[in-house]
Structure formats: C-alpha cells, structure tokens
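First the structure, in the form of structure tokens, and then the observations on it.
No hydrogens, no waters, no symmetry mates; every other heavy atom, side chains included, goes into these values. Below, chain A is the first sequence line, B the second, and so on; all start at residue 1.
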Protein chains: 2
Amino acid sequence: MRMGRPREFDAETALDQAMEVFWRHGYEGATIAQLTEAMGINPPSLYACFGNKEGLLKAALDRYTKLRGVWMDEVVAAPTARAVAERMLMGIADKQTDPANPPGCLLVQGGIACGTGSENVPFELATRRAQNEDQLRDRFVRAKAEGDLKPSSDPAALARYVSAVAVGMGVMASSGADREALRQVASVAVQAVEAQSAPK
Amino acid sequence: MRMGRPREFDAETALDQAMEVFWRHGYEGATIAQLTEAMGINPPSLYACFGNKEGLLKAALDRYTKLRGVWMDEVVAAPTARAVAERMLMGIADKQTDPANPPGCLLVQGGIACGTGSENVPFELATRRAQNEDQLRDRFVRAKAEGDLKPSSDPAALARYVSAVAVGMGVMASSGADREALRQVASVAVQAVEAQSAPK
DNA sequence: CCAGATATGTAGTGTTCACTACAGATGTGG
DNA sequence: CCACATCTGTAGTGAACACTACATATCTGG
C-alpha cells in the first residue's frame, strides 16, 4: 500500500484550534477562513482531513466530549448525589470561566438555533448534552438504590435539573458572568439536590 | 408637513412574524428572504421601517420583552419568594412548550454566539435577560426584608439562579424536551428557593 | 530512481447573503 | 390638478461564503 505525502500538521492540535473558533463564534458564525487561519492550514487540507465544515465540527465535538468525559467520570465518582451535583456545578463554574478557553460551554455556544441547511447542528449538540444527562441520571438511580436519595425522588428529573442548571450557567458565562457569580448559582442549585437527599 | 404614501402593512403584525423567524433560526440563521416572506413584505419596506437586520431584531426583542414584562409583573406579584419562583418556572415550562410559538425562549434562541460583525447581538440578548434577573432580584430583596427569605440568603444569587434555570429550560425546550419534563425541572428547582425561605 | 499516492498552496468557482437604485404608485398640502 | 413626500415591487449590487480544480511537492513500494 502506497502512503503518499504525509500531512504536515497535527490533526488534534488543529482540532483544538478549530474547537476554540466554534466555541467563540458558534457554528454559523465561524468562517472557513477563521478556522483555517486558527488551525494554521489551508482549505484543501481542512477538507481532505474532515470532509466539510460540519465534519470538522463533529470532530471537534468528539474531542470536546472525550476530554469532558474523563472529567465527568470523576464527577460521578463522588460519594453522594449531593456531592456529585456540587462537584459538577462547582467544576463547571470554574471551567466555564477558565481564561484558557472561551467562556461558556461548546455544547451550547456551538449553536442552539441554526439556519436552513444546518438543522442537524443543534441536534448534534443536544445529543451530546443528553449523554451527559444520561450519565448523571444513572448515577442518581444508583444513589436512590443506595438510599442516598429519598424514595420519593425522581433520578431522571434530578439529572435533567442539574443539566439545565449547567446549561444556564454556560449561557451566563458567555455573557460575562464571573466565576464567583457562577459559584453562587451552583451553591444555590445544590440545595435542591440536598432537599431530595435522605436525612442522614 | 407632507405625509406621502401610507404603509400597507401593520408594523406590529409584521414584527410578530419576524420574531418567530428569529426565534426559530436565530439571528444569523434567519435570512432577509425568510423574514420578508414571513412578514409579507419586500426588502425595501423592511429597510425603510426597521433600518437593517439588526434594527429589526431589536424591534422584535422590544416587542418580545414588552409582552414578557406584563407576565413578569404577574410573576413577582406572587406572595412569597417561593411562589415567585414556582410561578415563574412553571409558567416558563408552559410558555416554552406552547405550540403557538417556536420552542424555547427568543432571548436564548436569538443568538448566544455570533460571527464577526454581529458581536452585539449576544450582548443585546444578554442585556434583556439581565433585566429579568434584576426584576427578580428586587423582588427577592423585598422578600428578605419581609422575613420571607432567611437572613443568610443572598437575593442576587437567588435571582441569578432562577434566571439560569430558566435559560437552561429554554435550551432544553428547543432541543425537544416536552412540557412534563420541564415542569419536573421547575419543580426540583423551586426546592432550592424553598431551602432559602424562612421556616414558617 | 521511478511510479503511484497523498498533501499542500494558489487561485479561483458558483451561490447566497444583506442591502439598495430606481421607477412607479399612492397619499397630503396648496 | 400640481408639487412633494413617502411607500412598494422589480431587479439587481458588491461582498462574503463554503468549497474545489489544478499544479506542485513529498512521501512509500519496488
């Protein structure tokens, strides 16, 4: 099998740069010119490697969720439902205001609403947010089985709630909320989970 | 003063149609062609009346927040902080899944991230979301003064929290969450406010 | 060192976008 | 009825967009 000329850029490094552009400007707001410049490549290299703009977004999302998945594993490893919620929301407050990244969350900034021809972009983002929610729900199901959450509690509703708060914090972060403000939101939000926890 | 030919369309009716297009596709995803078709007018009429695309968005946002303001007044008229939060979040669950409108909230769907040249669109939306939050905060400040909220509570943090949940619910609604799912989120969320309420 | 295969850079392609020039239509004031 | 002002519909405008044709460069297998 013939190999041909090897590519001169590192795909993952380039993806990190593309991720940041999508994160800051959204899918529709990001232009190929911005993406190629940030990635340090020319359009033909981008299309040869990722197919098209949407393919590049999906690759960036894969990378994002993969990194995030590692962190989520740590989150759900917390001992109680309350600790899970606290670790998650406090961590999100920090992550979403980390100056190393654009503010907010790529799964929100990427594109909540899109124009004709990009309808599956919001769907793609929603699917990945739902995966997070599922992971959280499974953890809360376990917490209920362990007697950590009240028998009357609804693990799915709790997971959906925590997800909603996380998304809301992301939007706030992208519109300028600072770390302390987000931590206060997280701190209040955790109390609802605490209210569903069994008395010790 | 000369009057000239009168316009043949009703500006508010046309705005309602434009609002729906922005709501469904976002600012960048909405095209002038879609907007003019929905409004039943031609581009020159749009530009004569609203200046440009961004002017049209602002006019639509003004109309949206005006209608919403009436409802918010009812919300903050609830007797307790808990009742305010419940009325607001339950109402939002219903409004954001009302089939008469696109799902979610225009102040979120309009555009969280935008491309170069539309940077002030997200800012414009954030400003209007902040107005809601301010109204809520003022109400919670009062609740604290009345002894309805604990002395240790932070009205600004509570208002920010409720706003965040509302935004998160909007994103969920736009990605397919049904009314019951949103009501469950609201129901859980209210418990955090309850935890900040003074024991009766 | 040659043939085939893949990557790269230059320089475009057609399409779609927000926006407008212009001519005709419809109103008001004198 | 005329001068003027504003609106409307047709038909575009230049610019920006996602994407690509093509020539050249750089690799591997034989």
Is the number of heavy atoms from other residues, nucleotides or ligands within 6.0 Å of CD (A:E37) greater than 12? no
Given atom CG of A:L46 and atom C1' of C:dT10, what is their separation to the nearest angstrom? 16 Å
Start with the C-alpha gap between B:D148 and B:R82, add the side-chain angles, then the distance that decides, and say whether salt bridge (charged side-chain N to carboxylate O under 4.0 Å, His left out) holds. CA-CA 9 Å; B:D148 171 31; B:R82 187 199 182 284; over 6 Å; no
Supply the atom-to-atom distance A:M90 CE to A:K95 NZ, rounded to the nearest 0.5 angstrom. 15.5 Å
When rounded to whole Å, the CZ to P distance for the pair B:F50 and D:dC7 reads 12 Å
Let me know the distance between CZ of B:R7 and P of C:dG27, rounded to the nearest Å. 15 Å
Are any of A:S45's side-chain N or O atoms less than 4.0 Å away from OP1 or OP2 of C:dA7? no
Could you please name the option among D:dG9, C:dA7, C:dT26 that lies closest to any side-chain atom of A:R5? C:dA7
Residues that, via side-chain heavy atoms closer than 4.5 angstrom, fall in one hydrophobic cluster with B:V70: none
Where protein sits on nucleotides 12-23 of chain C, one letter per nucleotide: B base, S sugar-phosphate only, - none, heavy atoms under 4.0 Å: -----SSBBB--
To the nearest Å, how far apart are B:M3 CE and D:dC7 P? 9 Å
Could you tell me how far apart A:M39 (CE) and C:dG9 (P) are, to the nearest whole angstrom? 13 Å
Return the value, rounded to whole Å, for the distance between atom CG of A:L35 and atom P of D:dC17. 11 Å
Connected to B:I32, directly or through other members, by ILVMFWY side-chain contacts below 4.5 Å are B:F9, B:L15, B:M19, B:V21, B:F22, B:W23, B:Y27, B:L35, B:M39, B:I41, B:L46, B:Y47, B:F50, B:L56, B:L57, B:L61, B:Y64, B:L106, B:L107, B:V121, B:L125
Please determine whether side chain to side chain donor-acceptor pair (under 3.5 Å) holds for the pair A:D154 and A:Q196, giving the CA-CA distance in whole Å, both sets of side-chain angles, and the decisive distance to 0.1 Å. CA-CA 9 Å; A:D154 180 345; A:Q196 293 297 326; over 6 Å; no
Nearest whole Å is fine: how far is D:dA16 C1' from A:Q34 CD? 12 Å
